[in-house]
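Step one of this worksheet: look at the structure below.
All of these numbers come straight from a predicted model, not from anything done at the bench. In each ligand, atom 1 is the first atom listed, and ligand 1 is the first ligand listed.
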Amino acid sequence: MTITIQRTTSPKAKPESESALGFGKIFTDHMFIMDYSTEKGWYDPRIVPYGPLLLDPSTTVLHYGQTIFEGLKAYRTVDDEILLFRPEKNMERINVSNERLCIPPIDVDFGVAALKEFVGVERDWVPSSEGTSLYLRPFIIATDPFLGVHPSHTYQFIIIASPSGQYYPEGVNPVKIWVENKYVRAVKGGIGCSKTAGNYAASLKAQQEAQDAKYTQVLWLDGVERKNIEEVGTMNVFFVIGGEVITPALQGSILPGITRMSVIELLRSQGMTVTERVISIQEVYDAHKAGRLDEAFGTGTAAVISPIGELNWGGDKIVINGNQTGKIAQETYNTITGLQSGRLADTFGWTTKV
Ligand code: COI
């Protein structure tokens, strides 16, 4: 399939300062769109000027949330090259989410090619300062104008881009996390391991209450017993206990993060023991009491590596590593961002040039 390109005739002004970008507030000049119908399959891939979508008010996605999304970043190297980090993993994960949401699969190689073509068009929007990147948001929406509950017959696959800096206002400093024991995000057999809007809608109330209590995010516990640790909505989580790195096993209700996967592979390649297993919040608190909880951190595309400085579980607060960024979190951050931005040689073959 050939991607047609219609360039904007009125390019926007680029952000004046890269230091104040924040996350997801500014959008580039163009977007990628491709349509799907049962008869034609995926067709008409095109890059067009960025702008509003025209949707019938009865459109399936608006009512029943049949949609999936991805998040990845393009980085500018010191040599002015543009790199993508493991884009094929995002395209593979789209199909995992698609399968659960009854959305037809996309061709992974074509998806990566579309990303590259799009980022090539938006090249000048990729920021260069440390900690910045062009955040890419591919997503698919169900577009049938019909109020019956059923999988749509038509879809749009869209990619938009946003020059971004840190996701959390804390930047790379430790965040305070509220351990959620009232609301739940997902259960096995549900949609928790798919990257779909419903999971984020389910998180809003808890996040609002946590923020009212001056916490940055919530740590979700399993939806049945509210005992075992799952994830932080925008991040997967890691705990370092007595030198062992532990992260909750993927058991169907947790998002299989690409940064999570990369951190596991990286730490193992450095000879560290990384265990994917069930870990309860009680175990973390017990380890803290015994002086064995060395550090905790979250991993995600938007958040990168985010140290966790404090947990509050039902009013019982623990401060981790003196609210300082731990050694493993710092070194992992340096290596992952070094690889992503081309500052470190990519011995893993994780980056792709645009
Ligand atoms: C990401 O890290 O890319 C995410 O999708 C998390 C969040 C911004 C929703």
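Through chains of ILVMFWY side-chain contacts below 4.5 Å, Y215 is grouped with W178, Y183, V218, W220.
Remark: K12 is positioned above the aromatic ring of Y50, its terminal NZ or CZ atom under 6.0 angstrom from the ring centre and at most 45 degrees off the axis.
Look at R277 and E283 and you find a salt bridge, because one of the NZ, NE, NH1 or NH2 atoms lies within 4.0 Å of a carboxylate O, short of that distance. Salt bridge R260/E231: absent, no basic N to carboxylate O contact under 4.0 Å. Contact check on E180 versus R226 returns no salt bridge, with no Lys/Arg side-chain nitrogen under 4.0 Å from an Asp/Glu carboxylate oxygen. Between D346 and K353, no side-chain nitrogen of the basic residue sits less than 4.0 Å from a carboxylate oxygen of the acidic one, so the salt-bridge criterion is not met.
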Check each N or O atom of ligand 1 against all protein N or O atoms and list the pairs under 3.5 Å, with atom names and distances to 0.1 Å, one per line.
residue: ligand 1; atom: 2 (O); partner: T301; partner atom: N; Å: 3.3
residue: ligand 1; atom: 2 (O); partner: A302; partner atom: N; Å: 2.8
residue: ligand 1; atom: 3 (O); partner: Y135; partner atom: OH; Å: 2.6
residue: ligand 1; atom: 5 (O); partner: Y135; partner atom: OH; Å: 3.4
residue: ligand 1; atom: 5 (O); partner: K195; partner atom: NZ; Å: 2.7

